[in-house]
Amino acid sequence: MSNYHIKHLEEYYQVYRKSVRNPEVFWEEIAEEHFMWRKKWNKILSWDFSKPEVKWFEGAQLNITENCIDRHLYTRGDKTAILFEPNNPSEGAQHITYKELHDRVCRFSNVLKAQGIRKGDRVCIYLPMIPELAVSVLACARIGAIHSVVFAGFSANALATRINDSDCKMVITSDGSYRGTKTIDLKGIVDDALDNCSCVETVLVAKRIHSEVNMKEDRDQWLQPLLDSASPKCTPEIMDAEDSLFILYTSGSTGQPKGMVHSTAGYMIYSAYTFKNVFQYKEDDVYWCTADIGWITGHSYIVYGPLANGATTVMFEGVPSYPDFGRFWDIVEKHKITQFYTAPTAIRALAKEGVEHLEKYDLSSLKVLGTVGEPINEEAWHWYDDNVGKKKAPIVDTWWQTETGGIMITPIPFATPTKPTYATLPFPGIQPALMDENGNEIKGNQVDGRLCIKFPWPSMARTIWGNHQRYKDTYFSAFENMYFTGDGALRDEVGYYRITGRVDDVIIVSGHNLGTAPIEDAINEHPAVAESAIVGFPHEIKGNALYGYITLKDTGEGRNQDNVRKEINQIITEQIGPIAKLDTIQFTNGLPKTRSGKIMRRILRKIAHKDASNLGDISTLLNPEVVQDIMDNAL
Ligand code: PRX
């Protein structure tokens with residue numbers, strides 16, 4: 001039996017039991033047999049969730065890029081590591097072999113060093129899905145700089161917040177990006193952001209759309225000439241197991257985004273081990289995850305996990321609707337994709353366009369289908385199973401988070417029988433618990449509660465950049481000695497988990513986490529707004545959409561309400577990004593509040609869900625009269 005590659009259900013249970021009974025032996029075997037170390041560890045695990053402090057493989061030394069690139073050079077040097085599929089299919093795909101990737105990463109590493117970047121410095125990467133994005137991530141890792149990738153759909157303001165929070169010395173960007181038929185002026189966004197960031201000394205600019213951009217003297221440099229003149233050899237920096245590998249921001253229910261900090265060794269082991277098993281990756285497979293590297297899914301399952309396994313990983317620059325809604329399937333056929341990993345929102349959007357877009361293509365290469373990012377509804381699950389996998393490719397509904405670094409609850413294809421809408425069983429090493437509101441663990445099956453994890457796993461985030469107290473408060477304070485996920489879940493009669501959704505004020509829209517507080521703060525900046533509250537409501541494609549209840553300072557007379565609506569969405573786009581725009585805006589005369597002045601979102605949520613028949617007792621509200629008014633004017 002191999003712990004590293006699970007092939008049957010019985011094997012899963014055996015491996016799982018071992019991982020729980022003796023986690024240290026379990027993880028040590030995996031670390032020992034499947035990775036390249038410069039020095040072995042002195043201690044496998046030390047942990048204390050009350051601090052919280054978690055350390056895996058202390059004393060070990062390594063460089064993750066040696067594991068992701070160098071060690072494959074002899075056995076797989078000419079194999080495609082990254083298969084780049086551009087926005088415009090007529091531009092043609094690029095196959096970057098492991099040897100070429102090594103060359104490109106080394107050159108980039110040398111450029112970073114020549115620009116004064118050293119181990120531990122933070123580098124912000126704000127790039128579209130072009131090879132330079134993966135290469136720059138790996139170059140940072142090679143020299144020990146901490147990368148902070150910011151999704152290139154975020155606004156200048158959101159970018160500036162993230163750059164300043166982690167004090168980045170450099171920004172890597174491009175002149176612009178392609179998105180279907182549109183182009184986006186990324187460099188202009190960076191310029192606006194940097195008006196408010198004094199920490200950035202250098203901006204490296206890749207050419208993608210060949211647009212005219214403004215290059216600021218002494219700060220901005222074109223990337224390509226620097227790469228061309230750099231050496232293609234770069235000795236990797238030797239890193240300690242617990243050195244930080246990257247920061248990735250995620251929205252919290254309140255306040256600033258949280259810069260989740262991931263470690264080196266634990267993250268590498270877990271992302272690689274989950275990749276191998278969850279996708280049943282085999283040597284000649286061509287694996288494609290449609291996420292953007294700006295999110296954790298792209299970090300773990302486009303870059304690090306696949307490359308640590310010597311896989312061929314596809315990077316797609318475009319959108320599912322360009323040149324038409326058959327694009328995904330065209331790519332599957334063209335590159336004979338074997339594993340396809342996407343989000344429920346994409347599945348729903350494609351399902352709506354009809355099966356004729358699929359029928360033109362040969363999808364018989366597909367062996368495993370994956371979903372991630374939000375609960376998948378039954379209809380979308382069946383559509384995916386029937387039309388994409390033709391009932392032959394198991395669907396892995398993978399539950400995890402930016403904070404967890406890797407997949408936590410998932411079927412193992414061909415081993416775990418799947419069940420629509422269920423993420424099914426915990427991955428080896430993961431010990432979930434369902435908790436009630438009084439802090440007690442709910443044992444047994446056919447129960448639901450708040451989802452926690454009771455034992456550390458190698459890829460858990462170690463802290464929030466610059467704010468360890470917030471890390472403790474957010475994840476380790478709700479339940480004693482447990483990591484609290486913020487999600488609700490139920491466990492069925494055989495022990496399968498189904499994630500029911502967030503139990504806090506985070507709303508997942510099209511698979512993107514959005515905290516309500518930052519959006520409300522943006523809205524409240526409009527001069528006419530007195531106060532606002534945002535809730536989620538079900539949306540056919542996006543999963544959830546945003547419903548804003550907004551009270552204006554005067555009752556709106558003399559103001560064109562449609563203009564105010566537009567202006568509010570404009571402010572949100574500027575402050576956060578277009579993904580946070582409101583679908584529905586209802587102007588209200590007041591918001592329901594408790595006697596202590598807290599907005600009763602529960603009531604607003606019910607009204608937005610068109611489920612106002614049972615609002616419960618509202619007589620204790622400070623202002624019960626506004627509820628009827630809101631209901632009468634609900635949109
Ligand atoms: O609510 C859960 C939901 O997405 C949240 C994590 O979002 P993020 O940090 O952006 O990471 C997304 C990609 C890993 C979770 O707290 N979520 C993620 N996967 C699933 C899910 N909800 C239900 N089913 C899933 N498979």
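All heavy atoms count here, side chains included; hydrogens, waters and symmetry mates do not.
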Is it the case that the side chains of Thr342 and Thr290 hold a donor-acceptor pair, with the cut-off being a distance below 3.5 Å and no angle test?
yes
Enumerate the residue pairs fulfilling side-chain hydrogen bond (donor to acceptor under 3.5 Å, both in side chains) with a member in residues 144-164, sequence neighbours excluded, ordered by first and then second residue.
His147-Tyr304
More than 12 heavy atoms of other residues, nucleotides or ligands under 6.0 Å from CZ of Arg179: yes or no?
no
Report yes or no: does Asn309 contribute a side-chain atom to a donor-acceptor pair with the main-chain N or O of Ala272 at less than 3.5 Å?
yes
Using the ring of each side chain (for Trp, its six-membered ring), is Phe154 parallel, tilted or perpendicular to Phe151, with breaks at 30° and 60°?
perpendicular
Can you check whether Ile507's main-chain N or O pairs, donor with acceptor, with Arg502's side chain at less than 3.5 Å?
no
Criterion side-chain contact (heavy atoms from CB on, under 4.5 Å) on Ile523 and Ile571, from CA distance to verdict:
CA-CA 7 Å; Ile523 297 169; Ile571 294 181; over 6 Å; no
Please determine, by modelled atom types, if Asn513 and Ser251 share a side-chain donor-acceptor pair under 3.5 angstrom.
no
Please confirm whether the backbone N or O of Ala308 pairs with a side-chain atom of Asn67, one donor and one acceptor, at under 3.5 Å?
no
Check Arg104 against Ile96 and note the closest heavy-atom contact, atom names and distance.
NH1-CD1, 3.6 Å
Using the side-chain hydrogen bond (donor to acceptor under 3.5 Å, both in side chains) rule, pick out the option among His262, Glu53, Glu242 that qualifies with Arg462.
Glu242
Test: Glu85 and Arg327 ion pair at under 4.0 Å
yes
Could you tell me whether Tyr483 and Phe49 have their ring centroids closer than 6.0 angstrom?
no
Hey, is Arg450 close enough to Asp504 for a salt bridge, meaning N to O under 4.0 Å?
no
Do Tyr178 and Tyr322 have ring centroids that are under 6.0 Å from one another?
no
For Val149 and Trp295, run side-chain contact (heavy atoms from CB on, under 4.5 Å): C-alpha distance rounded to whole Å, both residues' side-chain angles, the deciding distance at 0.1 Å, then the answer.
CA-CA 8 Å; Val149 184; Trp295 310 115; over 6 Å; no
Can you label the angle between the Tyr301 ring and the Tyr341 ring as parallel, tilted or perpendicular, going by 30° and 60°?
perpendicular
If you measure only the distance, is there a donor-acceptor pair under 3.5 Å linking the side chains of Thr404 and Tyr270?
no
Quiz question: by atom type and distance under 3.5 Å, do the side chains of Glu520 and Asn524 form a donor-acceptor pair?
no
